[in-house]
Amino acid sequence: MSSSPVLLCTNDDGIHAPGLALLTEVAASIGSVWVVAPDRQQSATSHALTLHRPLRLTEAANQRYTVDGTPTDCVLLALRQLLDPAPDFVLSGINHGPNMGEDVLYSGTVAAAMEATILGVPAVAVSFTGQDPEDLQSYGALLGTIVSSLLERDSLPPETFLNINLPARPAHDIKGVEVTALGRRVYHDSLTRSEDPRGNDYFWIGGGRSDWSGPQDSDFRAVQAGYVSVTPLHLDLTNYDLLSEVRSWSLGK
Ligand code: MN
């Protein structure tokens with residue numbers, strides 16, 4: 001690790017999000033910071049790449065750019081166009097809202113960290129599960145400590161990145177940091193059907209209440225109990241326990 005590491009910050013809530021501002025402050029306390037973030041809200045865009053129109057990279061300030069695309073577009077442009085050599089670390093977030101359990105499959109915040117991992121740069125995704133802006137602001141020092149100790153490790157295991165969720169309380173009030181597994185999210189009434197002024201049906205996804213379930217060591221249990229949750233995620237979705245079972249089905253014979 002070089003004495004002054006280079007860190008890339010991105011997010012899915014857009015360049016103006018307070019969570020990105022705090023993450024940028026955290027990164028600036030550690031090394032040289034580049035910010036490449038979407039020019040608008042891109043939550044729940046998952047790992048989407050923009051393929052069917054041109055992308056614009058706009059310089060907003062020194063080492064600070066916006067992209068009219070997804071978080072994944074941002075990481076790709078940053079690593080393939082702007083930063084040579086590659087940065088030492090990619091930080092994605094701090095997302096406004098949790099990214100636990102199945103959320104990681106929809107999250108643009110998590111996808112940006114995943115894209116960095118695919119491109120060979122260690123990364124973390126950070127999300128704040130609360131809503132109080134002052135609580136969010138209180139996490140700067142702790143995140144600095146976590147990112148610094150990850151940088152000291154020099155790398156993460158192959159194809160692995162960390163998904164961090166901060167509890168809905170101020171940092172001085174947390175019980176500690178727990179390493180967790182993904183829990184399960186159960187949505188209720190998250191698809192609403194209604195009628196537009198012309199009498200046509202329309203649908204609106206989201207807004208319903210959601211519950212959580214999952215084992216004792218899962219992310220949401222840690223966060224609910226007041227811990228910072230750190231979940232190691234990897235890119236390989238293979239269900240290895242099922243390989244021999246599915247082979248025994250002799251599909252196609
Ligand atoms: Mn978001």
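One-based numbering, in listed order, for ligands and for the atoms of each.
- Screening residues 74-86 for salt bridge (Lys or Arg N to Asp or Glu O under 4.0 Å), with sequence neighbours left out, gives no hits.
- Here 4 is the count of protein N, O or S atoms positioned under 2.8 Å from the Mn ion (ligand 1), waters not counted.
- The aromatic rings of Phe220 and Trp212 sit parallel, their planes meeting at an angle under 30°, below the 60° perpendicular limit.
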Applying side chain to side chain donor-acceptor pair (under 3.5 Å) to Thr66 and Asp39, what does each step give before you reach the verdict? CA-CA 5 Å; Thr66 62; Asp39 64 0; 5.4 Å; no
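- With salt bridges taken as basic N to acidic carboxylate O contacts below 4.0 Å, one links Arg184 and Glu102.
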Tell me, with the steps shown, if Asp68 and Arg53 meet salt bridge (Lys or Arg N to Asp or Glu O under 4.0 Å). CA-CA 10 Å; Asp68 60 342; Arg53 61 172 176 82; 3.5 Å; yes
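- Between Asp103 and Arg185 there is a salt bridge, with a side-chain nitrogen of the basic residue lying less than 4.0 Å from a carboxylate oxygen of the acidic one.
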